[in-house]
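Data first, discussion second: the structure below is written as structure tokens.
Order of the sequence lines fixes the chain letters, A, B, ..., with proteins taken first and strands second; residue numbering starts at 1 for each chain. No experiment lies behind these values; they were computed from the predicted model shown.
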Number of protein chains: 2
Amino acid sequence: MARAVPETHGEILAAAARRFAVTGYKGTSLQDIARAVGCSKATVLYHFANKEALLSELMAPAIAVLEALDARLAGTTGATAQEIAGEGFVDLAVRFRRQIALLRGEFPDLLQQPAFAHVQQISERLIAAFAGNSDRPSARIAALVVLAGIAETCAEFIDIPDEELRPALLAVVRRALEPVT
Amino acid sequence: MARAVPETHGEILAAAARRFAVTGYKGTSLQDIARAVGCSKATVLYHFANKEALLSELMAPAIAVLEALDARLAGTTGATAQEIAGEGFVDLAVRFRRQIALLRGEFPDLLQQPAFAHVQQISERLIAAFAGNSDRPSARIAALVVLAGIAETCAEFIDIPDEELRPALLAVVRRALEPVT
DNA sequence: TCAGGCGCTGACCGATCGGTCAGGCATGCT
DNA sequence: AGCATGCCTGACCGATCGGTCAGCGCCTGA
């Protein structure tokens, strides 16, 4: 018989997700998380090697989906790339709102960590896709406005239902992006 | 004759602006700023009562312009409000790119500080204006995407010339906002 | 000439951070 | 019964944070 094992690991993960989404990664201490779970800080570090490992495990599913989107983007150009990137990213951002929220303002720093090794390049390819692979500065500017705007909006509207948020975001994307010439 | 006074105060302010824009407010220590200036941390605190005072003095001009925009917004509705908010905010964001950059991800926290007492309400009125004073969720979502997207984009493109950034942003705004019905 | 103040500094403070470690307690296997 | 192992903890560590303070050298007005 398996020992009636406590679910502390999962509880810590869940509490960390909630706290990170509100106060950010740097802004949340291991003490905060331990308090939310009702255990000691040492227990948190018993279940996770360090704070970074906690973050990695939390972000893994979102990053997997992001990589899948990147794969679907390969070889596309122009309006097709814009459409795939738009639908794909809106979908991802809505589904992983909490994970996006915890990145707020810490994106550049967190990209340095090994767990996010490829994310930097992927986000650059995403911007290029939003720009319809155009080199025009105005297209790239529009792409960044859309990308960053979606992310921030998803992090902000953390409680409204998916089926309300998603179509509204998609409508904005389709209006905002520069048409490919 | 006035004593040949050192310009340390201004140098600290300038260095702080540069450091804050790169590593954020919380992410920049007084030690960092002192090192950039070439003085001691105690000197920084001799010229400024505390870290918050440094931030306040840095943000004051931007907040003044924001308040002026808010005043111009009073009494406007629909497409007029959208146009004034769009032009006004793009202009502000481009001019005060460094100040916007230092707010990245710390906006909610920093709003608590006394120096930003009114900014919360002003930004809510700005969003309402971007939405053309419509209550429809999709209009408010589009408004937030535009507002946050502009801010983030300005913080990101810190080096390209104003005359390239401004028209591109204005074009995105005009495309992206939901037309008033 | 000299007292006073301005600009500045090193040393120090308490708090908090992420992380380590030896050990306690309960459980299951032999 | 006795040992081993898994889960958990309090105490502790060095680093860094924002901030304080006594005092130093130098310039200036009287």
Side-chain angles (χ1 to χ4, degrees), chain A residues 1-20 22-59 102-103 105-106 109-116, chain B residues 1-20 22-59 102-106 109-110 112-116:
Chain A
M1 274 283 287
R3 190 190 296 219
V5 69
E7 295 174 0
T8 316
H9 188 95
E11 288 176 25
I12 291 172
L13 211 52
R18 270 178 271 121
R19 299 297 304 152
F20 282 156
V22 176
T23 46
Y25 177 70
K26 277 190 302 183
T28 304
S29 70
L30 297 177
Q31 196 70 258
D32 288 336
I33 298 169
R35 196 178 305 121
V37 175
C39 69
S40 73
K41 186 182 68 169
T43 300
V44 174
L45 287 161
Y46 169 77
H47 285 279
F48 299 88
N50 47 42
K51 198 183 181 185
E52 188 187 327
L54 194 46
L55 177 65
S56 297
E57 197 163 321
L58 223 39
M59 296 299 292
L102 75 86
L103 293 176
E106 308 178 30
D109 294 349
L110 295 179
L111 279 185
Q112 309 298 346
Q113 302 196 186
F116 301 99
Chain B
M1 274 285 286
R3 190 191 295 220
V5 69
E7 295 174 0
T8 317
H9 187 96
E11 288 176 26
I12 292 172
L13 212 52
R18 269 178 272 121
R19 299 297 304 150
F20 281 157
V22 175
T23 46
Y25 177 70
K26 277 190 303 184
T28 304
S29 69
L30 296 178
Q31 196 69 258
D32 288 336
I33 298 169
R35 196 179 305 120
V37 175
C39 69
S40 74
K41 187 182 67 169
T43 299
V44 174
L45 287 160
Y46 169 77
H47 286 279
F48 299 89
N50 47 43
K51 197 183 181 185
E52 188 186 327
L54 194 46
L55 177 66
S56 296
E57 196 163 324
L58 224 39
M59 296 299 292
L102 75 85
L103 293 176
R104 278 208 266 193
E106 309 178 30
D109 294 350
L110 295 180
Q112 309 297 345
Q113 301 195 186
F116 302 99

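The CZ atom of A:F48 sits 15 Å away from the P atom of C:dG18 (whole-angstrom rounding). In this structure, A:Q31 atom CD and C:dA15 atom P are separated by 15 Å, rounded to whole Å. Rounded to whole Å, the distance from CG on B:L54 to P on D:dG19 is 10 Å. A straight line from NZ of B:K51 to C1' of D:dT16 spans 12 Å, rounded to a whole angstrom. Going from atom CG of A:N50 over to atom P of C:dT20 covers 8 Å, rounded to whole Å. Between the CG atom of B:L45 and the P atom of C:dG7 there is a distance of 16 Å, rounded to whole Å. At whole-Å resolution of the value, CZ in B:R35 and C1' in D:dT16 are 11 Å apart. Straight-line distance from the CD1 atom of A:I33 to the C1' atom of C:dC17: 13 Å, rounded to whole Å.
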Short N/O separations, protein against nucleotides 8-11 of chain C, under 3.5 angstrom:
{"unit_1": "C:dC8", "atom_1": "OP1", "unit_2": "B:T8", "atom_2": "OG1", "d": "2.5"}
{"unit_1": "C:dC8", "atom_1": "OP2", "unit_2": "B:T8", "atom_2": "OG1", "d": "3.2"}
{"unit_1": "C:dC8", "atom_1": "OP2", "unit_2": "B:H47", "atom_2": "NE2", "d": "2.5"}
{"unit_1": "C:dT9", "atom_1": "OP2", "unit_2": "B:S40", "atom_2": "N", "d": "3.1"}
{"unit_1": "C:dT9", "atom_1": "OP2", "unit_2": "B:S40", "atom_2": "OG", "d": "3.3"}
{"unit_1": "C:dT9", "atom_1": "OP2", "unit_2": "B:T43", "atom_2": "OG1", "d": "2.1"}

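In this view, B:T23 and B:T28 satisfy the side chain to side chain donor-acceptor pair (under 3.5 Å) rule, not counting sequence neighbours. Under the salt bridge (Lys or Arg N to Asp or Glu O under 4.0 Å) criterion, A:K41 pairs with no residue, sequence neighbours left out. In this structure B:F116 satisfies the ring pair (Phe, Tyr, Trp, His ring centres under 6.0 Å) test with no other residue, sequence neighbours excluded.
Sorted by first and then second residue, the salt bridge (Lys or Arg N to Asp or Glu O under 4.0 Å) pairs with a member in residues 26-36 of chain B read B:K26-B:D109, B:D32-B:R35; sequence neighbours excluded. Identified under the side chain to side chain donor-acceptor pair (under 3.5 Å) test for residues 8-20 of chain A, with sequence neighbours left out: A:H9-A:E57.
Residue A:S29 places no side-chain N or O under 4.0 Å from the OP1 or OP2 atom of C:dT16.
With A:H47 as the fixed residue, the side-chain contact (heavy atoms from CB on, under 4.5 Å) test singles out one of A:V44, A:L45, A:T43: A:T43.
B:L30 comes within 4.0 angstrom of sugar-phosphate atoms only, judged by non-hydrogen atoms across all strands, and of no base.
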